[in-house]
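Single-structure report; data block below.
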Amino acid sequence: MQVRQRVVEEREAGAGTASPLSGLLPGGEIRPGTAVSAGADLPLLLALAALATAGTAAWAAVDVPELGALAAAQAGLDLATGLVVSDPGPRVAQVLGALLESVPVVLVGSAVRIPDRAVRRLRALMRRSGSVLLAQGGWPGAEVQLSVTSAGWEGVSRGHGLLRGRRVTVTAGGRGAAARPRQTELWLPGPDGLVGVVERPAEEALVDERRAGLRVVG
């Protein structure tokens, strides 16, 4: 069975899993054969990886030095099916090509630099195989570009208490269907260690709606 057919079938089998990130993605999912950039935020990258591997399991990480086993497992990645390439060396494009042909989801660190010709070859390879590339930082031609624009930990007050979760604002843009700007507030991670939607009080949401309806006149 070809890699692309296997990837599509496995993702369809796990398609029932909803994610708080879905509202930031075209069609609510990471499309097979595409690249997504996660900015410099490692928790966001891991949350995207957990979403992309739902139903496929296998994943690989190339030159992501901040990636630890505990963080990956807490984000929902299966360590038994992961492959980590710490130092791809000067042939990083060839390493990525080999992985994208055989692994459904590949994470790429922010220090990885690929020539434009190699990027085009990798893009064509991803379209054929149905694999997904998730980049920490930017990636040329990424269909979806996400970034954490604000972040803060909650749960500690006046120097004491327990950290409850990290509240972030994530913005999204990109090309084609992803061109319309989007924004949402998330727990990343939340009290359970996973990504979650920030539930705001009804009064706060009403104030925001009223502000959105205001316009400058004169």
Side-chain angles (χ1 to χ4, degrees), residues 11 13-31 36-59 61 64-82 84 104-110 132 134-137 142 144-174 178 181-209 212:
R11 286 198 176 124
T17 304
S19 168
L21 293 169
S22 297
L24 297 168
L25 303 167
E29 63 178 0
I30 300 174
R31 295 196 308 136
V36 177
S37 65
D41 197 77
L42 182 62
L44 178 57
L45 178 71
L46 294 180
L48 288 168
L51 174 61
T53 55
T56 65
W59 58 278
V64 187
E66 306 92 337
L67 178 62
L70 179 61
Q74 288 180 336
L77 295 176
D78 185 351
L79 298 182
T81 60
V84 176
V105 180
V106 178
L107 285 64
V108 180
S110 57
V132 165
L134 304 176
Q136 182 187 29
V144 183
Q145 300 167 2
L146 303 179
S147 63
V148 171
T149 54
S150 67
W153 286 92
E154 295 196 2
V156 175
S157 177
R158 297 183 181 276
H160 61 85
L162 296 176
L163 293 176
R164 188 164 66 93
R166 178 173 172 256
R167 182 168 174 167
V168 302
T169 299
V170 181
T171 59
R182 295 168 302 284
Q183 180 174 290
T184 190
E185 285 188 281
L186 300 173
W187 292 110
L188 189 62
D192 57 358
L194 301 176
V195 59
V197 176
V198 173
E199 300 292 345
R200 295 188 299 166
E203 296 82 358
E204 184 179 341
L206 180 59
V207 169
D208 284 351
E209 288 180 6

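Taking CG of L67 as the reference point, atom CG of L46 lies at 6.0 Å (rounded to 0.5 Å). Rounding to the nearest 0.5 Å gives a distance of 11.5 Å between CZ of R166 and CH2 of W187. Distance check, rounded to the nearest 0.5 Å: CG of L25 to CZ of R31 gives 11.0 Å. We find the CG-CG distance between L51 and L24 to be 10.5 Å, quoted to the nearest 0.5 Å.
With contacts defined as side-chain heavy-atom distances shorter than 4.5 Å, the pair L21/L44 qualifies. Considering only heavy atoms from C-beta on, Q136 comes within 4.5 Å of L42 through its side chain.
Nearest heavy-atom pair, W153 versus P189, reported as atom, atom and distance to 0.1 Å: CH2-CD, 4.0 Å. Closest approach of G196 to P20, counting heavy atoms only: CA-CG, 3.8 Å. Of all heavy-atom pairs between A72 and L79, the closest is CB-CD2, 3.9 Å. For the residue pair V108 and V64, the shortest heavy atom distance occurs at C-CG2, 4.0 Å. Nearest heavy-atom pair, A75 versus A50, reported as atom, atom and distance to 0.1 Å: O-CB, 3.2 Å. Scanning both residues, L186 and V197, for their nearest heavy atoms gives CD2-CA, 4.1 Å.
One N or O on the side chain of W59 and one on the backbone of D78 form a donor-acceptor pair closer than 3.5 Å. For the pair T149 (side chain) and T169 (backbone), a donor-acceptor distance under 3.5 Å is present.
Of the candidates L188, V170, L146, L188 is the only one forming a side-chain contact (heavy atoms from CB on, under 4.5 Å) with D41.
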